Each structure stands twice: as structure tokens, then as C-alpha cells.
Amino acid sequence: MGALLACSRPSPTRTPTPQPFIGPDLAAALVGQNVLVRMTIECIDADRAGNSAYLRPTCYYEGFFFRVAIVADVHDDLVARLGGDFDIVLIDRIVDVRGTVVQNGHWSEIIVSESDQLRFATAWRTPIVPTRIPTIARPAG
């Protein structure tokens, strides 16, 4: 009797398609790079004096300091797009922000100087927010 041999070709290992966006924890370590960050806004530091406003993914320190700085010139456009004060309307909303990450003291931040840098999750179907990874140590230097 002859033996039946099975022949199998090795199949290529599938790799997941990378998301076009990253989370705020990873963005905090990518100073100097142009990135697209998706995050849920928990805290907003804003005042009515016409200064910059800051959108933060967390109200507490969670191993990284990242925020989105909105310059005063963009405030009126954001209020018109949102239909209300962004420091109230944006709490617990998901946003995408594109820009270069810069270092400002302890904070890594993206400065929004044009309103098209910031998109809001309104009609997106089930927006996915990246899972935060363990704390990233800042590179020495």
C-alpha cells in the first residue's frame, strides 16, 4: 500500500493593517514627527480671556503628558462648527488631530493653528480609539 503524503505550501504570515492614527500615549514620545492622533477628550483647560485652550486625553498623569493646544484664532471657528463652546461640547468626544508633535516643558503637544487640523467624531460609524500601551520612557537627550 502506498502512503498518502500531504503537500502544503507555507502561507505568508498575515500582518494587521496599521491604523492611520495613533493614541496620545505613543504621540507623546514622537516629538518632531507629523502624526494623526485619535483620542477621547476627558479634560479641557480653557479660559475666556482669548488664550490658548488645551484638550487632554486624561485628567490625571498616566505615564505621559500629551495635549492638543488650540490657538485663540481658531476658537471662533470651532464654536461655529460645534454649535457651542468647545470646552463644554467636546468633553467625552472622540477627535482626530493632525500635526507635528512639539515639546513644551513637560508636555508633548500638537498646536492647532488651522481648524482643519481637528476633526470630530459625529457621524463616524463606531470610531475606534487606540488602546493605550504601557508607559513609554522618554528617550534620553
Side-chain angles (χ1 to χ4, degrees), residues 2-141:
L4 190 59
L5 297 174
C7 205
S8 69
R9 286 188 231 168
S11 61
T13 305
R14 295 183 185 256
T15 56
T17 303
Q19 296 292 337
F21 50 81
I22 61 174
D25 51 349
L26 183 56
L30 298 178
V31 175
Q33 296 188 36
N34 190 7
V35 296
L36 175 62
V37 177
R38 178 169 288 175
M39 66 184 197
T40 302
I41 299 171
E42 271 188 29
C43 283
I44 299 177
D45 301 322
D47 61 21
R48 304 279 184 230
N51 298 323
S52 294
Y54 300 97
L55 311 178
R56 296 188 292 145
T58 180
C59 296
Y60 306 100
Y61 177 72
E62 293 184 7
F64 64 95
F65 287 110
F66 181 81
R67 64 186 179 185
V68 175
I70 301 174
V71 297
D73 297 343
V74 181
H75 288 196
D76 292 338
D77 186 44
L78 286 178
V79 169
R81 283 174 52 198
L82 290 167
D85 289 335
F86 61 89
D87 55 332
I88 297 168
V89 177
L90 283 180
I91 292 292
D92 293 329
R93 297 270 305 267
I94 297 172
V95 297
D96 281 354
V97 60
R98 178 174 298 283
T100 302
V101 179
V102 295
Q103 193 72 41
N104 184 358
H106 290 294
W107 292 96
S108 296
E109 63 186 19
I110 293 178
I111 300 171
V112 174
S113 56
E114 297 177 18
S115 61
D116 64 348
Q117 287 179 263
L118 192 62
R119 285 185 41 209
F120 315 107
T122 52
W124 298 345
R125 292 185 332 187
T126 320
I128 300 169
V129 177
T131 303
R132 293 195 183 145
I133 57 177
T135 303
I136 302 171
R138 288 190 186 259

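This one's a predicted model, so the numbers in the text were calculated from it and none came from an experiment.
- Nearest heavy atom pair, residue M39 against residue V68, reads CE-CG2, 3.5 Å.
- A donor-acceptor pair under 3.5 Å is formed between the side chain of R81 and the backbone N or O of S115.
- Considering only heavy atoms from C-beta on, H75 comes within 4.5 Å of I70 through its side chain.
- Contact annotation: the side chain of V102 never approaches that of V31 to less than 4.5 Å [non-hydrogen atoms, C-beta and beyond].
- Between W107 and F65, the two ring planes are perpendicular [angle over 60°; tilted spans 30° to 60°].
- S108 approaches Q103 most closely through the heavy-atom pair OG-OE1, 3.5 Å.
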| message | Under the criterion side-chain contact (heavy atoms from CB on, under 4.5 Å), I'd like the reasoning laid out for V35 against V101: C-alpha separation, chi angles, the key distance, then a yes or no. | response | CA-CA 7 Å; V35 296; V101 179; 3.6 Å; yes

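- Residues L90 and F120 have side chains in contact (heavy-atom distance under 4.5 Å, counting atoms from C-beta outward).
- Residues P57 and E42 fail the side-chain proximity criterion, which asks for heavy atoms closer than 4.5 Å.
- A 4.5 Å side-chain heavy-atom check between R93 and L82 finds at least one atom pair inside the cut-off.
- Contact of the L78 side chain with the L118 side chain is registered, since non-hydrogen atoms from C-beta on lie closer than 4.5 Å.
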| Does the side-chain contact (heavy atoms from CB on, under 4.5 Å) test come out yes or no for V37 and F66, once each step is laid out? | CA-CA 11 Å; V37 177; F66 181 81; 4.1 Å; yes

| task | Evaluate side-chain contact (heavy atoms from CB on, under 4.5 Å) for R119 paired with V95, printing each intermediate quantity in order. | result | CA-CA 6 Å; R119 285 185 41 209; V95 297; over 6 Å; no

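- Listed by chain and residue number, I44 satisfy the side-chain contact (heavy atoms from CB on, under 4.5 Å) test with I91 (two or more places apart in sequence, or in another chain).
- Here N104 pairs with E109 under the side chain to side chain donor-acceptor pair (under 3.5 Å) rule; sequence neighbours left out.
- By the side-chain contact (heavy atoms from CB on, under 4.5 Å) test, T100 pairs with N34, sequence neighbours left out.
- Listed for the E62 side chain is no donor-acceptor partner under 3.5 Å among the backbone atoms of T58.
- With a 4.5 Å cut-off on side-chain heavy atoms, D85 and V79 count as touching.
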| query | Which is it for L36 and V97 under the side-chain contact (heavy atoms from CB on, under 4.5 Å) test, yes or no, and what are the steps along the way? | reply | CA-CA 6 Å; L36 175 62; V97 60; over 6 Å; no

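- Q117 and I110 make their closest contact through NE2-CG2, 4.4 Å (heavy atoms, listed as atom of the first residue, atom of the second, distance).
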